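This is a predicted model, so every value here is computed, not measured. Counting starts at 1 for both ligands and their atoms, following the listed order.
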Amino acid sequence: MTEALRVGIAGLGTVGASVVRVLAEKAAELQRQCGRPISVTAVSARNRDADRGVDLSGAQWFNDPVALAKSAEIDVFVELMGGDEGPARDAIKAALDAGRHVVTANKALLAKHGVNLAETAEKKGVLLNYEAAVAGGIPVIKTMREALAGNSVSRVFGILNGTCNYILTRMEAEGLSFEDCLADAQRLGYAEADPTFDIEGNDTAHKLSILTSLAFGSKIAADDIYLEGISNISQADIRAAASLGYRIKLLGVAVRTDSGIEQRVHPTMVPTQSVIAQVHGVTNAVAIQSDILGDLLLVGPGAGGNATASAVIGDIADIAKSQPGFQHGPVFGRPAKELKPYKKAKMRSHAGGYFIRLTVHDRTGVFAAIAKRMADADISLESIVQQADSGLDADVKTVVLVTHETTEAAVRRAVEGITKDGHLTDKAQVIRIERAE
Ligand code: HSE
């Protein structure tokens, strides 16, 4: 029988334990597909005694993930510890240096060190696979790296964080509080170890930075992403959006513009009828627009043990199927040395429609003053409506504006002016609108 592919796994949390369990449950099927068995021969985690509900008796235990990564007894090092520095980085680097293939779900680490690690993997002729790092079980890395070869991508955007989509979906459908929905997402194993990474948009930004590099052949630039999370989104926003035919989603968007690449993560209004607005709960979606294929939308489970394990196991299976001496393709779809420097488009130049929710004193001249500030900033309005809100005092009203396409700079100028006029009782809420079919 062909020799087994020997897998060493570091990190046995929700995802690591799921990978071990599914590899055991699907051992016979994977062997048929790959032409050889896949065997977990070594593991490492912080706590040896934790009950993970999986059988680890056949695997050698390592206290030190770096020692596991370098072990001559493994062919593939699977990193599921998380963290963008420290043990995760040291272990992946050690594995690549030692000529081991690497599979990782670590988007934060790839966002920071992906290009360097890719250079090492390519020099060593080994694979660095990371399907699980972006959009959970959706095979978006394989799609962009392999299936879209030759396409010139103009925009990639999507719902990349299951926790945020789960929270926004339940807030809208059930009128629940943000905190209750977050607690459920944590209980279900969707959230990051530090959930502020989910709700403040960092996790989406890490994933977006990887997609941007694949889309535009540029170096990863996670620090150049405009970032806003969902912690400021209230039931008032959700209700106002619904009344105007929009739904709020946390989107990551990367667009090629004349002045460079625009990367942004923020709560976004999408038309209620659009396909992406129908993506609910922990489900993720990635939309890719390219010249040869046109519009592509991938939708699927974005977080949780099984979804992530599915992507990790697909990556391991690719390695099991590869022949000795096979020349592996580049990590980011083109040789890491050929990735171009990232050219950032300024956020102030962003062009699009805007939703602006103002809470104002109900007195004469307020509407006129708002309209004047808009006109002075050269902003054309699609609609301006006053809404009564049962949660507000009788002499306070909500005014919601939707603009035609304008620029970020113009909106900031107008909102600054409205704020100065002194009619607001609360900070203005500004949410960008994204074109979506
Ligand atoms: N915390 C992430 C999410 C897990 O909610 O999408 C998958 O990366």
Practice problem: Indicate yes or no: does Lys142 engage Asp315 in a salt bridge with an N to O separation below 4.0 Å. | Solution: yes

Would you mind checking if Glu228 and Arg432 are paired as a salt bridge, meaning a charged N to carboxylate O distance below 4.0 Å? yes

Looking only at protein heavy atoms, what sits closest to atom 5 (O) of ligand 1 is Thr163 OG1, 2.7 Å

So the atoms of ligand 1 within less than 4.0 Å of a heavy atom of Ala191 turn out to be 1 (N)

If we number the atoms of ligand 1 from 1 as shown, the ones under 4.0 Å from a heavy atom of Glu192 are 1 (N), 2 (C), 4 (C), 8 (O)

for atom 7 (C) of ligand 1, nearest protein heavy atom and its distance come out as Lys207 NZ, 3.5 Å

ask   = Are side-chain heavy atoms of Leu117 and Leu109 found at a separation under 4.5 Å?
value = yes

Looking only at distances, please establish whether an N/O atom of ligand 1 is found under 3.5 Å from an N/O atom of Gly162. yes

Taking Lys107 first and then Glu192, would you say they form a salt bridge - that is, a charged N and a carboxylate O separated by under 4.0 Å? yes

Atoms of ligand 1 under 4.0 Å from any heavy atom of Asn161, numbered from 1 in the order shown, are 1 (N), 2 (C), 3 (C), 5 (O), 6 (O)

For Tyr190, the ligand 1 atoms with a heavy-atom partner under 4.0 Å come out as 1 (N), 2 (C), 3 (C), 4 (C), 5 (O)

So, Glu405 and Arg435, do they make that salt bridge, N to O below 4.0 Å? no

Q.
When you compare ligand 1 with Asn284, is there at least one nitrogen or oxygen pair between them that comes in under 3.5 angstrom?
A. no

In this structure, atom 8 (O) of ligand 1 is nearest to the protein heavy atom Lys107 NZ, 2.6 Å

Paired with Ile276, the side chain to side chain contact (heavy atoms under 4.5 Å, CB included) test is passed by just one of Val299, Val286, Val270, namely Val270

Is any side-chain N of the basic residue among Lys123 and Glu119 closer than 4.0 Å to the acidic one's carboxylate O? no

Quick note on ligand 1: atoms under 4.0 Å from a heavy atom of Asp198 include exactly 1 (N), 2 (C), 3 (C), 5 (O)

Check: Below 4.0 Å from any atom of ligand 1, is there a heavy atom belonging to Gly302?
Finding: yes

Quiz item: Is the shortest distance from a Lys or Arg side-chain nitrogen in Lys93 or Asp90 to a carboxylate oxygen in the other one below 4.0 Å?
Solution: no

Contact region, Thr308 to ligand 1, non-hydrogen atoms below 4.0 Å, reads neither

